[in-house]
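Small disclaimer: the values here were computed from a predicted structure and weren't measured. For this chain, numbers begin at 1 and follow the sequence in order.
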Amino acid sequence: MKQFAINNKIFLIISLSLISLFFSNFLSAQISSEGIPLSYSVKLKKSIHFELMEIGDVNKLLLEDTVNNKLKGKPLHFAKNLNVNFTPDNSGVWDTLPDGNKIWRLGIKSTGAYSIGITFNKYNLPSNSSVFVYNINKTQLLGAYTSKNNKNSRVLSISPVKGDAIIIEYNEPKKVAFKPLLSINQVAHDYKGIFEYLKIKDGQYGLSGDCNIDINCNEGQEWQNEKHSVCRIIINNTELCTGALINNTQNDGKPYLLTANHCIGSENLAEKSIFYFNYEKKSCDDTIDPNPNTGSIQSLSGSSLKATKNDSSGKLDFSLVELSSMPPKDYKPYFSGWYNASNPAMKTVCIHHPLGDVKKISKDNDSPIIDTYTGYDSNSHWQILSWELGTTEGGSSGSPLFNENHNIIGNLTGGDASCDYPFNDFFARLSNSWDDYSDYSQQLKHWLDPNNSGVTSLNGYKPNFDDPTDIITLSNFNEGDTATLYIADEGGYLSGNNAFGDLAKAEYYNSSSYGFHNVIKGVYVYFAVAKGSKSNISFPIWNDNNGSPYKIIATATKSISSIVTDVIANQITYVEFANPVDITGSFYAGVVLPQEAGDTLAIVTNTEYNAQVNTAWEKNAQEQWLPYNSDDSWGISLNQAIWPVVGYVTSINNITKVIPDVNVYPNPSSDNVFVDLSNIKMNADIFVFNSFGVLIKKFDKEKTNSNVVKINFSEYPAGLYLIQIITDNNKIVKKVLIVK
């Protein structure tokens with residue numbers, strides 16, 4: 001039998017971070033609906049009236065930009081706003097169709113413009129009406145924008161449309177609930193040619209320097225989650241910057257975005273900003289123009305300013321805004337984690353949009369130093385002494401700086417770096433932006449740590465857009481279990497690399513016990529130790545053969561350096577399979593341990609006394625699979641923190657139109673909750689999930705003596721829980737809040 005001991009220096013209490021699976025997915029902002037302008041399919045009698053714009057001396061504007069571009073710390077200008085006042089009452093032409101539908105069209109021409117953007121300072125549409133924007137040769141169409149785009153601010157900025165003449169078209173049905181509110185107050189004349197930045201150049205898009213590296217090249221493969229947090233920003237239709245979605249301690253998907261104060265420094269600019277997601281090459285050698293400025297553009301218009309600091313009492317170059325809506329599922333949003341302490345990173349990465357180009361990645365393999373950037377508070381910046389890969393340019397402003405643990409530690413202010421001189425870039429330190437100033441409107445802490453948890457680091461968050469009652473996280477831990485890290489007497493870890501040369505660890509699950517058909521989407525693993533940089537770690541699913549792991553039926557990989565760098569409690573790693581794994585009955589989920597010298601992993605386990613049944617398995621150096629409670633293994637019963645994320649399908653065949661009423665009371669409650677099933681006249685399974693998606697209790701109505709089922713939550717922490725009732729004809733979900 002292998003010998004082990006408890007390492008008293010590493011005794012971990014697992015506290016599940018509750019991830020809210022519920023968030024509003026309002027279809028507002030620049031998210032457009034499908035549709036075609038009515039004018040495309042009917043012949044109209046009236047000619048469009050074009051309003052003519054005058055921009056003035058373009059050479060003077062270009063000269064000013066040349067000076068400003070040398071002063072990093074300013075957004076990249078590409079257009080000039082012209083103040084106007086165009087409404088359906090004072091501009092354009094109306095046509096009434098035979099069926100009573102109406103069309104309003106307005107043309108805008110600004111001679112010499114490469115593209116034209118517009119801002120509605122008043123936008124509020126009735127249902128079933130729509131707005132479109134297109135160029136005169138109809139090669140680019142944006143819209144439909146509908147009542148779904150109505151916002152409290154009444155402001156809506158529309159992406160630039162290529163060409164020096166555009167048409168705004170409003171379509172209105174015969175009957176509407178109220179008169180539309182449409183007023184254009186700004187027209188942006190693109191004098192630099194932002195669309196010319198999107199052409200192919202020497203195998204790369206845009207005019208950013210040739211040293212820049214596309215995010216989907218090999219150098220960006222470990223940053224595929226974080227890249228989905230980074231977006232290009234067009235501010236007031238005239239300037240380009242970069243920002244990143246950032247997580248908060250409630251893990252609730254609130255659409256906070258971090259950028260620079262010198263990009264978005266006021267509520268007015270926040271309202272007039274457009275946020276573009278996933279503007280990137282599909283692959284490293286892809287040379288097909290991604291053409292981001294079409295009707296299928298992945299963008300959001302508008303935000304509200306939550307926090308920034310730039311006044312006579314102090315200056316920090318950060319701004320936190322809340323987007324006007326949650327980025328939808330097809331945007332693949334990811335909320336990057338953060339680190340708010342002052343300790344310097346070992347190495348750093350910046351993901352950004354230089355010159356508004358497709359997404360790039362820059363890397364510095366050395367620690368940044370604390371320094372002062374002219375015009376800002378003393379020692380409020382990280383200085384990158386030299387980029388080993390890539391650089392930053394105008395348009396990169398506001399972009400996130402990540403440490404080796406993939407956590408944001410700052411955002412770009414400026415510096416001297418370029419492809420020819422990759423030195424001296426400055427990023428506003430998140431540790432200063434966190435709480436140097438006590439006013440909530442001048443700090444990140446209030447917004448990113450609303451729980452006041454005091455944590456110094458937070459992992460990223462990937463929203464679950466699936467029906468939360470159809471996704472659960474399987475776990476063999478009991479709620480409230482404590483956990484420890486066992487040390488092998490000969491050296492190493494019971495649950496990881498050790499002197500015995502163990503090759504893999506696995507956790508047993510039997511999906512049949514849950515009563516549904518499983519599709520495994522991914523796996524959560526809590527690591528107590530992860531050290532090294534050489535290995536790629538695989539996370540397999542094994543099928544069952546006579547009661548032990550057998551063949552690998554699916555696997556995902558992650559580099560060891562992207563997991564953690566030292567002993568950290570509650571460090572969760574999630575890996576997602578490229579294709580969901582279809583499985584029934586018994587299976588095993590686990591980790592193949594690194595074999596490179598110096599690379600080490602150890603998985604969190606619960607204590608021997610908490611495990612009622614052993615579910616932990618190991619593959620020894622002789623490639624034999626053994627349960628932990630075997631005499632040839634460790635001789636103890638354990639469960640490992642390896643938790644598959646499972647989508648399931650119930651056996652419901654005929655959904656009834658009338659859903660029976662189920663009363664859950666009291667709600668909120670501090671301990672006991674009662675589920676009244678009096679209106680359900682058939683057998684029912686009752687599942688109870690915590691908000692992490694972990695199934696914590698299961699009841700069977702036919703085995704109870706009463707139609708009222710009591711659920712005792714006294715042993716569980718405060719938070720939101722789901723109670724799901726499954727019958728042959730219905731699935732009923734109730735939420736209950738437990739308070740302590």
Side-chain angles (χ1 to χ4, degrees), residues 1-16 405 457 475-478 480-508 523-535 537-539 549 558-573 588-643:
M1 180 184 295
K2 297 177 178 178
Q3 300 297 311
F4 65 93
I6 296 177
N7 184 344
N8 292 321
K9 293 182 180 180
I10 311 171
F11 190 79
L12 310 178
I13 305 296
I14 289 190
S15 174
L16 295 181
N405 294 327
S457 66
S475 172
N476 291 320
F477 276 64
N478 297 308
D481 272 359
T482 57
T484 191
L485 181 63
Y486 289 97
I487 305 298
D489 284 352
E490 287 78 2
Y493 305 97
L494 175 151
S495 58
N497 290 100
N498 53 50
F500 297 101
D502 289 349
L503 301 175
K505 306 292 177 177
E507 186 73 3
Y508 166 80
V523 177
Y524 285 110
V525 181
Y526 270 73
F527 287 107
V529 176
K531 296 180 179 180
S533 59
K534 303 173 185 176
S535 303
I537 309 304
S538 61
F539 298 77
K558 202 175 185 74
S559 71
I560 192 170
S561 61
S562 69
I563 299 172
V564 285
T565 58
D566 209 335
V567 179
I568 301 176
N570 301 336
Q571 178 65 49
I572 192 169
T573 290
Y588 301 80
V591 179
V592 174
L593 299 173
Q595 301 301 313
E596 296 284 347
D599 289 0
T600 302
L601 288 178
I603 303 163
V604 167
T605 66
N606 66 1
T607 65
E608 179 180 8
Y609 310 104
N610 290 112
Q612 299 174 358
V613 177
N614 177 72
T615 53
W617 286 70
E618 66 172 5
K619 188 176 187 180
N620 63 20
Q622 290 73 44
E623 299 193 356
Q624 297 174 304
W625 279 106
L626 299 172
Y628 273 42
N629 60 355
S630 164
D631 287 341
D632 293 326
S633 181
W634 302 97
I636 58 174
S637 295
L638 285 181
N639 310 137
Q640 299 173 102
I642 303 172
W643 300 346

Go through the steps to decide whether Lys619 and Leu593 satisfy the test side-chain contact (heavy atoms from CB on, under 4.5 Å), and finish with yes or no. CA-CA 10 Å; Lys619 188 176 187 180; Leu593 299 173; over 6 Å; no
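Between Tyr526 and Trp643, the angle of the ring planes lies from 30° to 60°, which puts this pair in the tilted group. Ring planes of Tyr628 and Trp634: tilted class, angle from 30 to 60°.
At least one side-chain heavy atom of Leu494 sits less than 4.5 Å from a side-chain heavy atom of Leu638. Between Gln622 and Asp632, every side-chain heavy-atom pair lies at or beyond the 4.5 Å cut-off. Contact annotation: the side chain of Tyr508 never approaches that of Asn476 to less than 4.5 Å [non-hydrogen atoms, C-beta and beyond]. Side-chain contact check for Gln640 versus Val525: every heavy-atom pair is 4.5 Å or farther apart. Looking only at side-chain heavy atoms (C-beta outward), Leu485 and Tyr493 come within less than 4.5 Å of each other. A heavy-atom distance below 4.5 Å is not found between the side chains of Ile560 and Lys534.
Asn639 places no side-chain N or O within donor-acceptor distance of the main-chain N or O of Asn606, the cut-off being under 3.5 Å. No donor-acceptor pair under 3.5 Å is formed between the side chain of Asn629 and the backbone N or O of Asn614. A donor-acceptor pair under 3.5 Å is absent between the side-chain atoms of Lys505 and the main chain of Ala616, judged by distance alone.
Here the closest heavy-atom approach between residue Ala589 and residue Val523 is recorded as CB-CG2, 4.4 Å. Heavy-atom minimum distance, Asn498 versus Ala488: CB-CB, 4.3 Å. Taking every heavy atom of both residues into account, Val604 and Phe527 meet most closely at CG2-C, 4.0 Å. In plain terms, the two heavy atoms of Val591 and Ile603 that are nearest each other are CG2-CD1, 4.1 Å. Contact detail for Thr605 and Ser495: the closest heavy-atom pair is CG2-CB, 3.7 Å. Of all the heavy atoms in Pro594 and Leu601, the pair that sits closest is CD-CD1, 3.6 Å.
Going from atom CH2 of Trp617 over to atom OG of Ser630 covers 8.5 Å, rounded to the nearest 0.5 Å. Interatomic distance, CD of Gln624 versus CG of Asp502, reported as 11.0 Å (0.5 Å rounding). A distance of 3.0 Å separates OG1 of Thr615 from CD of Glu507, quoted to the nearest 0.5 Å.
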